[in-house]
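Worth knowing before you read on, the calculation uses all heavy atoms, side chains too, and leaves out hydrogens, waters and symmetry mates. If you read the sequence from its start, that first residue is 1, and numbering goes on from there. Just so you know, these numbers come straight off a predicted model, no measurement behind them.
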Amino acid sequence: MNEIKENKPNHKKFNKNSNKKFNKKFDKNTNKKPKINIENKEIKENKKTDENKIEKNISKTNIKKIEPLIKEETSKEKHEEKFFKVLGIIFEITRKRYYFEVIDEKETYKKGDKVIVDTIRGQEIGTVYNTPMTLSEKHLVLPLKPVLKKATEEEIQKYYQLKEEAKYAYEVGKEKIKKHELPMKLINTEFTFDKTKLIFYFTAEGRIDFRDLVKDLANIFKLRIELRQIGVRDEARILGDIGVCGKELCCRTFINKFNSVSIKMARDQGLVINPTKISGVCGRLLCCINYEYSQYEKALRNFPAVNQYVKTNKGDGKVISINPLNEFLYVDVPNQGITKFDIHEIKFSRKETKKIQNETPNKHEEQHLNLLEKE
């Protein structure tokens, strides 16, 4: 029994020592492995950085080589700008102007000639309003439709006959509108040149359900009927009139697209804000207010607002009126009266000018004036 007791602790000691040795070896091995991994990672990262540097250098060299080629291509594109020989055509009813490409160079066209052109609606007859000219593609809306030929006498007679028939269609259309009690105003009518469609131009405040009207008109004329709603400005263009200046309306003579006009434009130009004086035949703001506004807009950047207090050589005063284009203004200075000053002779706060310009004088008046800005 004594022998067995003595051997047991020895067996335990052996196991402890063996575990320690094994753990030491394992620790040594485990410590060595991550070192190898760290070294491999560092080598890989160094390789990546070297490769990135090489790629960057290659890309820089390629860019330097490619840049002159790109410049040459862009310069070639600029030089290779296309030019077209075009003819200005106006359509009598809508009074809209378009450019058409001249295909037959042997044919001579004069102002006032009737020509046959290809349009979205098919072949139409229009009137030449200027002689042929060459324009770059920048000034044109591509693709261009062609001028097919000059209208013959028979085709011109057919055109005038269609106009007479359109007058009859206009009277019939008016009667049918009254019959259906529709809140719309008929402006004009026209047939397409091939007489496959009859178009009725009308104005109205909102949308109108005219399906029954179309059915009645289609049964009478046995054609395809189109009711096209237009604005009050287009109405003035189609009907025509004399403007405030005593000349024919701009929209009927040369304006093709209506640009937006605001009351701010009229105020900035020092116009009297009176609806009867700043509105045209159509009941909207005059188109001519927009003609010189860009010049006033640039000049007003250096000017104070009216009723703003400014500093002058003779003392502080209140601005009475301004003249942006001539670069002077009138200031009411105490004990001096209203005196004329050059814009460079005064000092003012730009923040105050913005505040005064943004102030609305009267909400009721402003709402009434905003109606003039509608298309």
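Contact check for K197 versus F191: no side-chain heavy atoms found under the 4.5 Å cut-off. A 4.5 Å side-chain heavy-atom check between K111 and T131 finds every atom pair outside the cut-off. In this structure, C287 and I255 have side chains that are in contact, with non-hydrogen atoms separated by less than 4.5 Å. A heavy-atom distance below 4.5 Å is found between the side chains of V128 and I89. I116 places a side-chain heavy atom less than 4.5 Å from the side chain of E155. Counting heavy atoms from C-beta outward, N290 and S260 have side chains that stay 4.5 Å or more apart. Between F91 and Y98 the shortest side-chain heavy-atom distance falls below 4.5 Å. Within the 4.5 Å cutoff, the side chain of V172 has heavy atoms near those of the F221 side chain.
The residue from K185, M184, K179 that alone fulfils the side chain to side chain contact (heavy atoms under 4.5 Å, CB included) condition with L182 is M184.
Formation of a donor-acceptor pair under 3.5 Å by the T312 side chain with backbone atoms of D316 is not found in this model. When atom types are taken as modelled, the side chain of E171 and the backbone of Y168 share no donor-acceptor pair closer than 3.5 angstrom. Using modelled atom types, one side-chain atom of T189 and one backbone atom of A166 make a donor-acceptor pair closer than 3.5 Å. Looking only at distances, a side-chain donor or acceptor of Q308 sits under 3.5 Å from a matching main-chain atom of S349. Here the side chain of K222 pairs a donor or acceptor atom with the backbone of N219 at under 3.5 angstrom. The backbone N or O of R95 lies less than 3.5 Å from a partner atom in the side chain of R97, making a donor-acceptor pair. Of the possible polar contacts, one joining the R350 side chain to the R301 backbone as a donor-acceptor pair under 3.5 Å is found.
Remark: K158 qualifies as a cation-pi partner of F193 under the 6.0 Å distance and 45° angle criteria applied to the six-membered ring.
Atom CG of N302 is separated from atom NE2 of H344 by 8.0 Å, given to the nearest 0.5 angstrom. Distance CD1/I343 to CG/N326: 12.5 Å, rounded to 0.5 Å. For the atom pair CG (L198) and CD (E165), the distance works out to 10.0 Å, reported to the nearest 0.5 Å. Atom-to-atom distance recorded for R228:CZ and I187:CD1 is 14.0 Å, nearest 0.5 angstrom. We find the CD1-NZ distance between I338 and K318 to be 11.0 Å, quoted to the nearest 0.5 Å. The structure places OH of Y291 at 12.0 Å from CD of Q269, a figure rounded to the nearest 0.5 Å.
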Verify side chain to side chain contact (heavy atoms under 4.5 Å, CB included) between L140 and F84, making sure each step is shown before the conclusion.
-> CA-CA 9 Å; L140 299 168; F84 297 90; 3.8 Å; yes
Does the pair K82 and S136 meet the rule for a side-chain hydrogen bond (donor to acceptor under 3.5 Å, both in side chains), with working shown?
-> CA-CA 6 Å; K82 290 183 181 180; S136 65; over 6 Å; no
Might you work through the side chain to side chain contact (heavy atoms under 4.5 Å, CB included) test for K145 and Y99, ending with a clear yes or no?
-> CA-CA 8 Å; K145 295 284 185 180; Y99 284 119; over 6 Å; no
Going through the checks in order, is the side chain to side chain contact (heavy atoms under 4.5 Å, CB included) test met by E137 and L142?
-> CA-CA 7 Å; E137 57 187 351; L142 300 177; 3.9 Å; yes
Show the numbers, then the answer: is there a salt bridge (Lys or Arg N to Asp or Glu O under 4.0 Å) between E164 and K167?
-> CA-CA 5 Å; E164 292 298 322; K167 288 178 182 177; 3.6 Å; yes
How far apart are the C-alpha atoms of I278 and I289, what are their side-chain angles, what is the distance that settles it, and do they pass the side chain to side chain contact (heavy atoms under 4.5 Å, CB included) test?
-> CA-CA 8 Å; I278 59 174; I289 291 171; 4.3 Å; yes
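Nearest heavy-atom pair, R237 versus R252, reported as atom, atom and distance to 0.1 Å: O-NH1, 2.7 Å. Contact between I125 and A151 at its shortest, heavy atoms only, is CD1-CB, 3.8 Å. When all heavy atoms are compared, the tightest approach of Y109 to D104 is CE1-O, 4.4 Å. Looking at every heavy atom in both residues, T353 comes nearest to A305 through CG2-N, 3.6 Å. Taking each heavy atom of D268 and L300 in turn, the nearest pair found is CB-CD1, 3.4 Å. The nearest pair of heavy atoms linking V141 to L144 is O-CD2, 3.7 Å.
By the criterion of side-chain heavy atoms lying less than 4.5 angstrom apart, applied directly or through intervening Ile, Leu, Val, Met, Phe, Trp or Tyr residues, I238 is not grouped with I177; the two fall into different hydrophobic clusters. A continuous path of hydrophobic side-chain contacts links L239 to I230 [ILVMFWY only; heavy atoms under 4.5 Å]. Residues L271 and L286 fall within the same hydrophobic cluster, defined by Ile, Leu, Val, Met, Phe, Trp and Tyr side chains chained together at heavy-atom separations under 4.5 Å. No continuous path of hydrophobic side-chain contacts links I90 to V115 [ILVMFWY only; heavy atoms under 4.5 Å]. Cluster annotation: V86 is not connected to V102 through the hydrophobic network of ILVMFWY side chains, with a link wherever side-chain heavy atoms come within less than 4.5 Å.
With salt bridges taken as basic N to acidic carboxylate O contacts below 4.0 Å, none links E175 and K178. For K150 and D113, the salt-bridge test passes: some basic side-chain N is under 4.0 Å from an acidic carboxylate O. Salt-bridge check for E92 with K163: passed, with a basic side-chain N closer than 4.0 Å to an acidic carboxylate O.
Neither side chain, K314 nor T339, offers a donor N or O lying under 3.5 Å from an acceptor on the other.
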Residues 201-217 side chain polar contacts: donor-acceptor under 3.5 Å, at least two apart:
residue, atom, partner, partner atom, Å
Y201, OH, E190, OE2, 2.5
D209, OD1, R211, NE, 2.8
D209, OD2, R211, NH2, 2.9
D216, OD2, H180, NE2, 2.6

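Other residues, nucleotides and ligands contribute at most 12 non-hydrogen atoms within 6.0 Å of the CD atom of Q123. Residue R224 qualifies as open at atom CZ: its count of foreign heavy atoms under 6.0 Å is 12 or below.
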